[in-house]
*Asks:* 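I have a structure I would like to understand better, so I am pasting it below and will then ask my questions one at a time.
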Amino acid sequence: MKALVTALAARLRPARATRAGRRVVLGAVPAEPAPYVRRGRLLAKIDEAFDDGGFCVLLGACGAGKTQLAAAYARAAAAESTVVWIADQADIVPAYAELARRAGAADVVVDAEATARTGLAWLAAADRPVVVVDGATDPDALNRWLPARARVLITTAVPDFEVLGGTVAVGGFDEAEAVGYLRARSGRNAGAALGLVRELGCLPLALAQAGGVLKRQHKDFAAYVDCLPHASPTLADREPGCAEDTVLEALRVVAARDGRARGVAEFLALVAPGVRCDLVHRLGPDPVAVDAVLGALAEASLIGFDVGGDVVIMHELTRRAVLSRLHAEDHLAPALDRACAALDDPDGGVSRHVGALWPHFRALLPADAAPRLARVMRLRRRSVRELTAAGDFARARALGREVLADHDAYLQPRHPGTERAARALRTVSLPGEAVALSERILERRSRVLGPDAEATLAAGQALGVAYEAAGQLDRALEVHEATLEHATRVLGAGHRVTLRARGSFGRTLRSAGLAGVAVPVFEENLRQHLQAHGPDHPATTEAREDLARTCARAGRAAEAVTLHAADSPWLAVAHQEAGRLDEAIRLLRRLASERDDLGAVRVRLFLARALLADGRSAEALKLFERTVRDRTRILGPDHPATLNARRNLGLAQGPAGRETLTAVAADYRRVLGPDHPYTRQAAKDLADLPEPGQRRRVRR
C-alpha cells in the first residue's frame, strides 16, 4: 500500500505548481485503492458530459464509489491540467485563495474571499482545468464559486445538483463485476459469493471492507454474513445493504490485532473529512506505531490516503458508522478528550476539525460535559483567530458570532473566556458590530476589575478606535481624551496603555482634520517614548513617524522632512508638501524598486500622486490603475484602502473620472455608511469635480 501511495505521489508531483508554472494540483486527491476496478463506462460518461458542457454531477448513494470515480478522473487529468480537489464544500474559498497563491496570481492572502476571486479568474485563463467538489450539499452556495471555463465535477447524493449540468448516475457494481471484485479483494475464488454480494447491495465500499475481513480471517462468504453484527438500523434505513455492519466488522477485526485501532478510527470519524497525518501522530506517543495502525485501517478499507500520503481520508459512510457506535456505546467523552488533545495545535490548520467536534460535545451528558467545556471553548476561540489570520473573514465572523453566543449560553457571565470570545469576534467584525463588542468588553471589565484597572483602560482605548473605524469621530475623540486623562492619572504618562491612548487620540484628531491640534499631542507622545524606550526602539520610531506625518498635514513640511526615517515613503510625501517634487519622485522610485510586499502598493500610489503633481499624467494614471487592481486583488473590492485607490484614480482622471467617482461614492456609502468621514469626502470630491481644462486634484 505504501509503495502504491509513493508511486502515485511521484507521478503527480511534476504537475504541482511553482511560481513559474501554470499547472497546479491542489487538494487531497484520493490515491488509487488496491485492488481497483476501473469503471470505464462511467468515466466515458463523464467525458461525454464535459463534451456537452462544463459541469458533470455524479449522483448516487453513499458508498457507491462516486469519490473514487471522481478521483480516477482527477488523477488522469493531473498529468496535463490543473486540478483542484475540494473535499468539503465549506472549504471552497480557502481552496481558491491557496490556488491563487500557488499559481503566482497573488503574493499574499490578506482577504481570503478577494484572493479566492483571483484564483477563480486564474482558472478562467487556465487550459481546461478540473475542479472537483466532493460530497457537495448546497447547490445555491456553490453556484457563485463555479468557474465558467473549467471542467467542474461534483459528487453528491442530493438530486438538486442536477440543474447544474449533465448528470451521471452512479450505482453499485453490477453483480458480475461485484463478484469478481469481492473474489479479488478477498483472495478467495471458491464459494458462493453471489449471496454476499446481494446482501451488500453491490456497494464498492462495503465489498472492499468485507473482502478485507475475508482475506484476513480466511472465512468463506456464507460465514462472513453470519458474523456480521447487524447493527441497529440507524444507517441501514438510509443506505443499501449492510453498510454499517461491514464497517463495524472490519473495525472489530483490526482492533482485535491492535487495540489502538478503535481510538484512531474514532478520532478520524470525529474530525473528518481529511486529516493531516501529523495531526493523527499526535495521538501518540509513537508516530511509527500510529502509522502501523493507519496501515491496518487502510488495508481494511476503513480509511484511505491522498496521492501524496500526507492526508488520511475516511469515507462519509464509514465515518457515520463509527460515530453511530461511538455514541451508542457511551465512549464519546474519552474520544473527545483524545481529539481535543490532538487538535490543541499552536501551528493552526485545525479550525474545521474543531468545528466538527462541537455537535458531539453537545451530545454529552451534563456531568461529562462540564469538566470539558472550558477546553472545547478555548479551541473554538482559537479557530476564530485562525480563520481571521488566514483572511477568511466571512467564516471568522460567522463562527465568532456562534462561539460568543455559546459562551453566553454555557459559561458563567463573569467567565474570562466570554470576554476573549468577544475580543476574537471584534477583531474581524464590521464597524458597527465592533463598537457594540467594544462597549460590552469595557462594561464587563469596569464591573469585574474596576474602572482604574489597566485592562479596563486598555478597553477604553480600544472602544475609541472602534468608534473611529465606524466613522463616529466625535465619540471617538471624547472616549480617547477621557481615557488618556484617566490613564495618565492612574498609570503614569509613560505607561504603555497611556502611550497607546495618546497615540490613538492624536490619530483621531488628525483624521478629523485637526492636524494642528494633534501636533502637540504627538510631540508629547514622542517625548514619553524616548524616556520609556530610547531613540532606537520600534515604538519610538513609530511615534516619530506619527509626528512627522501630522506636521506635514499641519503645513509644517520642512519639520516633517527632518523627522521621517530615510526609507519612509512618508518622507517623500513631506518632500512633496515642501515643494521638492524631484526628491519625492526619486525616493519613491527607489523604494518601489526595493520593495516586493503589500507596502509596495502604497509606495506606487504615492509615486502616482507625485508624478501627477509634476504634470506626468500618463505615467501617473497607469500607476493609479495598477494600484486599484493590486488593492482589489489583495484586499478585496470593499476594503477602505481599495475604495481610496479608486477615489484617487477618479480624481486623477479629472472630468473624465465622474463615473468612477460616482461609483466609489456609492460604495463608500454602502460599505462605511453615510456619516463616515470618507463617505462625506467622496461626496465632496464628486461635487467639486473640475470642469474640463481645470487642474486635477488628488486627495490622501
*Asks:* Quick one: list whatever passes ring-ring contact (aromatic ring centres under 6.0 Å, His included) with His676, sequence neighbours left out.
*Replies:* Tyr678
*Asks:* Does atom CD of Glu478 have more than 12 heavy-atom neighbours, drawn from other residues, nucleotides or ligands, at distances under 6.0 Å?
*Replies:* no
*Asks:* Taking C-beta and beyond as the side chain, do Thr418 and Arg440 meet within less than 4.5 Å on heavy atoms?
*Replies:*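 Result yes, sub-4.5 Å side-chain heavy-atom pair found.
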*Asks:* Do the ring planes of His533 and His529 sit parallel (below 30°), tilted (30 to 60°) or perpendicular (above 60°)?
*Replies:* tilted
*Asks:* Which is it for Glu523 and Arg527 under the salt bridge (Lys or Arg N to Asp or Glu O under 4.0 Å) test, yes or no, and what are the steps along the way?
*Replies:* CA-CA 6 Å; Glu523 287 174 337; Arg527 280 194 294 271; 5.1 Å; no
*Asks:* Using a 6.0 Å cut-off, check whether atom CD of Glu542 has over 12 heavy atoms from anything other than its own residue.
*Replies:* no
*Asks:* Are the side chain of Ser593 and the backbone N or O of Arg590 linked by a donor-acceptor pair below 3.5 Å?
*Replies:*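 Indeed, once roles are kept as given, a pair shorter than 3.5 Å links the two residues.
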*Asks:* Please confirm whether the backbone N or O of Leu442 pairs with a side-chain atom of Ser446, one donor and one acceptor, at under 3.5 Å?
*Replies:*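 Flag set: sc Ser446 to bb Leu442 pair under 3.5 Å.
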*Asks:* So, Lys622 and Glu625, do they make that salt bridge, N to O below 4.0 Å?
*Replies:* no
*Asks:* Please evaluate residues Arg496 and Glu454 with respect to the criterion salt bridge (Lys or Arg N to Asp or Glu O under 4.0 Å), reporting the C-alpha separation (whole Å), side-chain torsions for both, the decisive distance (0.1 Å), and the verdict.
*Replies:* CA-CA 10 Å; Arg496 60 187 181 88; Glu454 178 182 325; 2.3 Å; yes
*Asks:* Examine distances only and state if a side-chain atom of Arg401 and a backbone atom of Leu425 form a donor-acceptor pair shorter than 3.5 Å.
*Replies:*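 Not at all, since once roles are kept as given, no pair shorter than 3.5 Å links the two residues.
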*Asks:* Does the ring center of Trp122 lie less than 6.0 Å from the ring center of Tyr96?
*Replies:* no
*Asks:* Do Leu404 and Leu437 make a side-chain contact, defined as non-hydrogen atoms from C-beta onward lying under 4.5 Å apart?
*Replies:* yes
*Asks:* Does this structure show an ion pair linking Asp614 with Arg609, if we count only N-O contacts that are shorter than 4.0 Å?
*Replies:* no
*Asks:* Under 4.0 Å between a side-chain nitrogen and a carboxylate oxygen: does that hold for Arg626 and Asp630?
*Replies:* yes
*Asks:* Does a side-chain heavy-atom distance below 4.5 Å link Val428 with Leu387?
*Replies:* no
*Asks:* Between the main-chain N or O of Pro637 and the side-chain N or O of Thr632, is there a donor-acceptor pair closer than 3.5 Å?
*Replies:*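 Looks like no, no N/O pair under 3.5 Å.
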*Asks:* Determine whether Arg475 and Val435 make a side-chain contact, defined as any pair of heavy atoms from C-beta on separated by less than 4.5 Å.
*Replies:* no
*Asks:* Indicate yes or no for a side-chain donor-acceptor contact from His407 to the backbone of Val403 under 3.5 Å, with no hydrogens or angles considered.
*Replies:* yes
*Asks:* Walk me through whether Glu402 and Trp358 qualify under side-chain contact (heavy atoms from CB on, under 4.5 Å).
*Replies:* CA-CA 11 Å; Glu402 178 186 322; Trp358 180 242; 4.1 Å; yes
*Asks:* Using only atom types and a distance under 3.5 Å, with no angle test, would you say the side chain of Gln528 pairs donor to acceptor with the backbone of Leu499?
*Replies:* no
*Asks:* Before giving the answer on side-chain contact (heavy atoms from CB on, under 4.5 Å), spell out for Val110 and Thr115 the whole-Å C-alpha distance, their side-chain angles and the decisive distance to 0.1 Å.
*Replies:* CA-CA 8 Å; Val110 176; Thr115 311; 5.9 Å; no
*Asks:* Can you give me the closest heavy-atom contact between Pro535 and Arg544, atom names plus distance?
*Replies:*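 Residues Pro535 and Arg544, closest heavy atoms: O-NH2, 3.7 Å.
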*Asks:* Picking from Thr498, Asp452, Thr456, what satisfies side-chain hydrogen bond (donor to acceptor under 3.5 Å, both in side chains) with His486?
*Replies:*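 Among the candidates, only Asp452 passes.
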*Asks:* Would you say the side chain of Arg510 lies within less than 4.5 Å of the side chain of Arg549, judging by non-hydrogen atoms?
*Replies:*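 Yes; the side chains approach each other to less than 4.5 Å.
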*Asks:* Sub-3.5 Å donor-acceptor pair from the side chain of Arg556 to the main-chain atoms of Cys551, do we have one?
*Replies:* no
*Asks:* Glu386 side chain to Val350 main-chain N or O, any donor-acceptor pair under 3.5 Å?
*Replies:* yes
*Asks:* Under a 4.0 Å threshold between the charged nitrogen and the carboxylate oxygen, would Arg586 count as salt-bridged to Glu583?
*Replies:*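 Judged by the 4.0 Å cut-off on N to carboxylate O distance, Glu583 and Arg586 do not form a salt bridge.
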*Asks:* Within the 4.5 Å heavy-atom criterion, are Leu611 and Arg589 side-chain neighbours or not?
*Replies:* yes
*Asks:* Verify, without hydrogens or angle tests, whether Thr679 (side chain) and Gly673 (backbone) share a donor-acceptor contact under 3.5 angstrom.
*Replies:* yes
*Asks:* When you check the gap from the basic side-chain N to the acidic O, do Asp91 and Arg395 get nearer than 4.0 Å?
*Replies:* yes
*Asks:* Within the 4.5 Å heavy-atom criterion, are Val497 and Gln461 side-chain neighbours or not?
*Replies:* no
*Asks:* Determine yes or no for a side-chain-to-main-chain donor-acceptor pair under 3.5 angstrom, with Asn648 supplying the side chain and Asn644 the backbone.
*Replies:*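 Yes, Asn648 side chain to Asn644 backbone: donor-acceptor pair under 3.5 Å.
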*Asks:* Would you call Asp111 and His639 a side-chain contact if the rule is heavy atoms closer than 4.5 Å?
*Replies:* no
*Asks:* Which pairs, with at least one residue in residues 663-672 and sequence neighbours excluded, count as a side-chain hydrogen bond (donor to acceptor under 3.5 Å, both in side chains)?
*Replies:* Asp638-Arg670, Arg646-Asp667, Asp667-Arg670
*Asks:* List the steps, then state whether side-chain contact (heavy atoms from CB on, under 4.5 Å) holds for Val465 with His480.
*Replies:* CA-CA 8 Å; Val465 171; His480 280 318; 4.1 Å; yes
*Asks:* For the pair Arg397 and Glu113, find out whether any cationic side-chain nitrogen is under 4.0 Å from an anionic carboxylate oxygen.
*Replies:* no
*Asks:* Going through the checks in order, is the side-chain contact (heavy atoms from CB on, under 4.5 Å) test met by Arg380 and Val376?
*Replies:* CA-CA 6 Å; Arg380 299 184 76 210; Val376 173; 4.2 Å; yes
